[in-house]
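What follows is one structure encoded as structure tokens, with my remarks underneath.
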Amino acid sequence: MPGLVSEEQVLASVAVAHTRTERRRGPLGREASDGTVLLRPARNVRTVGMSSAVDGAHLGRDLQVLRATTMARSRVGMLVLTAGAAVEAPAGSVGPPGLSEGDELEVRS
């Protein structure tokens with residue numbers, strides 16, 4: 001399973017969602033050990049239909065963190081027009097204080 005990496009530190013194993021169906025499902029029902037999903041393309045983070053809070057990050061097309069937040073369940077986050085991807089993960093795993101604006105991420109196998 002690919003890993004989400006920042007500054008040579010592996011933050012989480014990650015599933016990459018490319019299709020509309022995969023992006024709509026997000027972390028729901030994922031088999032990744034921690035449920036972290038990279039949604040590409042995506043311009044917002046949402047927790048609708050999820051049973052708990054999530055850490056979310058809006059990423060630029062080059063996977064640089066534009067905004068990181070922790071969201072309560074049943075919420076739809078702000079639309080970020082400059083975002084090219086988003087990360088959704090269980091609360092406490094990759095969000096603040098783990099990620100901050102300007103961090104550069106990459107997905108490694």
Side-chain angles (χ1 to χ4, degrees):
M1 167 121 348
L4 189 63
V5 178
S6 175
E7 296 180 5
E8 301 302 320
Q9 178 183 0
V10 178
L11 301 174
S13 60
V14 65
V16 181
H18 291 287
T19 68
R20 178 175 280 177
T21 302
E22 290 173 338
R23 291 190 309 267
R24 190 176 321 128
R25 188 174 67 184
L28 293 173
R30 291 284 176 182
E31 293 188 21
S33 61
D34 57 10
T36 302
V37 180
L38 173 65
L39 308 167
R40 185 179 246 177
R43 292 195 168 121
N44 70 341
V45 175
R46 80 280 186 271
T47 61
V48 173
M50 296 180 201
S51 60
S52 62
V54 300
D55 286 342
H58 295 89
L59 310 174
R61 296 190 197 292
D62 58 354
L63 299 184
Q64 183 175 17
V65 177
L66 302 174
R67 183 172 178 234
T69 186
T70 299
M71 292 180 62
R73 62 187 208 90
S74 299
R75 303 283 189 263
V76 175
M78 176 186 273
L79 183 67
V80 177
L81 295 176
T82 57
V87 171
E88 293 179 357
S93 56
V94 298
L99 289 180
S100 59
E101 187 176 322
D103 287 351
E104 295 195 17
L105 305 178
E106 66 180 282
V107 177
R108 291 189 191 163
S109 297

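Position 1 is the first residue of the sequence, and the numbers go up from there. Because the structure is predicted, anything quoted here is derived from the model rather than measured.
Residues L11 and L99 have side chains in contact (heavy-atom distance under 4.5 Å, counting atoms from C-beta outward). Proximity of L59 to L66: side-chain heavy atoms (C-beta onward) are nowhere separated by under 4.5 Å.
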Scan the side chains in residues 72-84 for donor-acceptor partners under 3.5 Å anywhere in the protein, sequence neighbours excluded, and list what turns up.
none

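Scanning both residues, L63 and A85, for their nearest heavy atoms gives CD2-CB, 4.1 Å. Residues A91 and T70 come closest through the heavy atom pair CB-CG2, 4.3 Å. Counting all heavy atoms, side chain and backbone alike, R46 lies closest to M71 at CA-CE, 4.4 Å. The two residues A17 and V37 come nearest to each other via the heavy atoms CB-CG1, 3.9 Å. When all heavy atoms of V107 and P2 are compared, the closest pair comes out as CG1-CB, 3.6 Å. When all heavy atoms are compared, the tightest approach of P90 to D55 is O-OD2, 3.6 Å.
To the nearest 0.5 Å, atoms CG (L4) and CD (Q9) are separated by 10.5 Å.
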**Asked** Does the side-chain contact (heavy atoms from CB on, under 4.5 Å) test come out yes or no for H58 and V45, once each step is laid out?
**Response** CA-CA 7 Å; H58 295 89; V45 175; 4.0 Å; yes

**Message:** Working note: V87 + V14, criterion side-chain contact (heavy atoms from CB on, under 4.5 Å); need CA distance, chi angles, decisive distance, verdict.
**Reply:** CA-CA 9 Å; V87 171; V14 65; 5.7 Å; no

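Heavy atoms from other residues, nucleotides or ligands lying under 6.0 Å from CD of E106 number more than 12.
Hydrophobic clustering keeps L105 apart from V10 (ILVMFWY residues linked when any side-chain heavy atoms are closer than 4.5 Å, directly or through intermediates).
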